[in-house]
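We count ligands from 1, going down the list as the structure has it; atoms in each ligand are counted the same way. Heads up: numbering here begins at 1 and tracks the sequence.
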Amino acid sequence: MIRPTGQRLTSEPSFRILGIESSCDETAVAVVENGRIILSNVVASQASLHAQFGGVFPEVASRQHLLNFPPVLEQALKDSHLELKDVDAIAVTRGPGLPGSLVVGLNIAKGLAMMSGKPLIGVHHLEAHLLSVELTEETGNTNPLVYPAIGLIVSGGHTELVLIEAPLCYRALGATLDDAAGEAFDKVARLLNLPYPGGPSIQAISQHGDPQAFRFPRAWLEGTWNFSFSGLKTAVLREIKRLERYGTGLPIEDLAASFQQAVVDVLVGKTLQAAEAFYAQSVVVVGGVSANRALREAFFQQSKLPVFIPPLELCTDNAAMTAVVGYHRYRRGQRDGLDMDVLPNWPLMELSS
Ligand code: KG4
Ligand code: ZN
């Protein structure tokens, strides 16, 4: 029988990657098929453990990762209905992140790779955040990302603006000069006596506040693609002190909403300016702060370009996004040795595509 041209003899090969993530305070393991379909995604958050310190306590985080990994790994394999022998590779966050936390995840991954003979792939955590938008099965948004794209990474440790010129090809445009956006949320929450992590607390209380009540400064840093949030944090502190002198009680809702609005204005404003300047075709917003409702709404309302933001559960740290990068890097032939070490300060620009 003559087969029509283009018809495949077999179906597309399937690649299943086990992802492991422990760069900060989430212990996570996931299995992802072909870089798109989540077979399992287990995250053990340590947030409540760190709440008493008002931020992540590094030694506590690495010790907790050690305790969390065995059950999280077991659950992720169980949920995927697979065994270790069924996955094609093991992808693990190599950096950037807290050194002690990264070491725990990397050593677990090395142990699994040694035991199973599966290839080991070191993953950049920020690239993982950027590629989290490819897990579109979750949202039903199957539109492909069009390049070049502008990427905004906003998390507890990073605020970076990048030009994604082509798949896995990045150019740094700017970053925060001081606090990361998520760090600003966490610090201002502490000033307002709101629980850690600050982002969700500020978002919740802002619902009852007026975002125009206080006119906090916006650091536009004209002529650069950089950000700065420490002046905003100081302005909130100064306002709190001023109000306390009057002894009338703090309008926490208004303070939180006005702070949140200032962050949203700058993040959205600068990202969309960059999109125009670099003739971007789409906008990608990722990282823990991309879970913020006001930020998401502002992007969708103000952008003329398609905006890609992961579903809420994939904004904060998870291992499904680690597995997505692992899939692409595996297909490009990346294999890391068992002597691979963590890179706590790994710049995204050092990635070779
Ligand atoms: O990406 P992520 O889970 O961890 C890092 O790699 O840092 O981001 C955590 C950060 C925290 O600073 C947290 O306050 C912030 O993301 N965050 C939010 C929201 N949810 C988490 N910030 C604003 N609004 C939210 N809804
Ligand atoms: Zn992260």
Side-chain angles (χ1 to χ4, degrees), residues 19-28 30 41 43-48 50-51 53-56 58 61 65 93-98 101-102 105 123-133 151-160 175-176 179-192 194-207 209 211 229 232-233 256-257 259-268 284-299 309-322 324-325 344-346 348:
I20 295 183
E21 149 66 28
S22 66
S23 63
C24 191
D25 62 340
E26 259 93 29
T27 317
N41 185 24
V43 181
S45 174
Q46 304 178 10
S48 56
H50 297 283
F53 310 115
V56 180
H65 283 307
T93 309
R94 187 181 183 188
L98 298 173
S101 291
L102 290 166
V123 168
H124 194 292
H125 182 63
L126 298 188
E127 181 171 44
H129 273 300
L130 282 173
L131 296 199
S132 62
V133 295
L152 174 70
I153 307 165
V154 267
S155 70
H158 298 270
T159 301
E160 312 221 4
T176 181
D179 294 343
E183 194 180 352
F185 270 96
D186 295 336
K187 286 181 175 171
V188 167
R190 220 177 308 160
L191 295 178
L192 297 174
L194 296 171
Y196 173 84
S201 309
I202 288 191
Q203 170 173 311
I205 201 158
S206 293
Q207 275 180 291
F229 295 105
L232 170 59
K233 177 193 64 195
F259 159 78
Q260 179 175 265
Q261 190 60 52
V263 177
V264 167
D265 283 353
V266 173
L267 291 178
V268 177
V284 174
V285 187
V286 296
V289 181
S290 69
N292 185 271
R293 196 181 311 128
L295 184 72
R296 297 167 82 95
E297 282 171 4
F299 265 113
I309 309 181
L312 289 182
E313 67 278 14
L314 296 175
C315 290
T316 43
D317 288 346
N318 63 84
M321 65 187 192
T322 315
V324 176
V325 177
N345 300 309
W346 195 5
L348 185 63

Q. F259 versus L191: any side-chain heavy-atom pair under 4.5 Å?
A. no
Q. Would a distance-only check, ignoring hydrogens and angles, find a side-chain to backbone donor-acceptor pair under 3.5 Å from H124 to W346?
A. yes
Q | Shortest protein contact, atom 26 (N) of ligand 1 (heavy atom only) | A | Q203 OE1, 3.0 Å
Q.
Please work out, at 4.0 Å between heavy atoms, whether the side chain, the backbone, both, or neither of H129 comes within that distance of ligand 1.
A. side chain
Q: May I ask you to list the atoms of ligand 1 that are less than 4.0 angstrom from any heavy atom of T316?
A: 3 (O)
Q: Decide whether the shortest distance between a heavy atom of Q260 and an atom of ligand 1 is less than 4.0 Å.
A: no
Q. Do ligand 1 and C24 have nitrogen or oxygen atoms that lie under 3.5 Å from each other?
A. no
Q | R293 to ligand 1, any heavy atom closer than 4.0 Å | A | no
Q.
With heavy-atom distances below 4.0 Å as the criterion, list the atoms of ligand 1 near G182.
A. 12 (O)
Q: Go through ligand 1 atom by atom and flag the ones less than 4.0 Å from a non-hydrogen atom of S155.
A: 1 (O), 5 (C), 6 (O), 7 (O), 8 (O)
**Q.** Reported CG-to-CG distance for the pair L131 and L126, which is rounded to 0.5 angstrom
**A.** 11.0 Å
Q) Please state the angle at the Zn ion (ligand 2) spanned by OD1 of D317 and NE2 of H129: what is it, rounded to 10 degrees? A) 90°
Q) Do N292 and ligand 1 have an N or O pair less than 3.5 Å apart? A) yes
(Q) Given 3.5 Å as the limit, does a donor-acceptor pair link the side chain of H125 with the main chain of S22, or not? (A) no
Q: Answer yes or no: does an N/O atom from F185 fall short of 3.5 Å to an N/O atom of ligand 1?
A: no
Q | Heavy-atom donor-acceptor pair, E26 side chain to V43 backbone, under 3.5 Å | A | no
**Q.** atom 22 (N) of ligand 1 - nearest protein heavy atom and its distance
**A.** G199 CA, 3.2 Å
Q: Give the atoms of ligand 1, by number and element, whose distance to some non-hydrogen atom of G157 is under 4.0 Å.
A: 7 (O)
**Q.** Mode of D317 contact toward ligand 1 - side chain, backbone, both, neither (heavy atoms, under 4.0 Å)
**A.** both
(Q) Any side-chain to backbone donor/acceptor pair from T159 onto A181? Under 3.5 Å, distance only. (A) yes
Q: Please check if the side chain of S23 supplies one atom and the backbone of G97 the other of a donor-acceptor pair under 3.5 Å.
A: no
Q) Would you say the side-chain atoms of D186 pair up with the backbone N or O of P197, donor to acceptor, closer than 3.5 Å? A) no
Q | Result of checking D317, T322, T316 against H129 for side chain to side chain donor-acceptor pair (under 3.5 Å) | A | D317
Q. Hey, which of V263, V188, V266 is the one that makes side chain to side chain contact (heavy atoms under 4.5 Å, CB included) with L232?
A. V263
Q: Report yes or no: does C24 have an N/O/S atom closer than 2.8 Å to the Zn ion (ligand 2)?
A: no
**Q.** Heavy atom of the protein closest to atom 10 (C) of ligand 1 (residue, atom name, distance)
**A.** G156 N, 3.4 Å
Q. Can you tell me which residue and heavy atom of the protein come closest to atom 14 (O) of ligand 1, and the distance to 0.1 Å?
A. D186 OD1, 2.8 Å
Q: Find out whether S101 and Q46 are in side-chain contact, i.e. whether some heavy atom of one side chain is under 4.5 Å from a heavy atom of the other.
A: no
Q: Using distance alone, decide if ligand 1 has a nitrogen or oxygen within less than 3.5 Å of any nitrogen or oxygen in G288.
A: yes
Q.
At less than 4.0 angstrom from any non-hydrogen atom of G198, what atoms of ligand 1 do you find?
A. 14 (O)
Q.
I'd like to know if the side chain of S132 reaches the main chain of M321, judged simply by a donor and an acceptor atom lying under 3.5 Å from each other, with no hydrogens or angles considered.
A. no
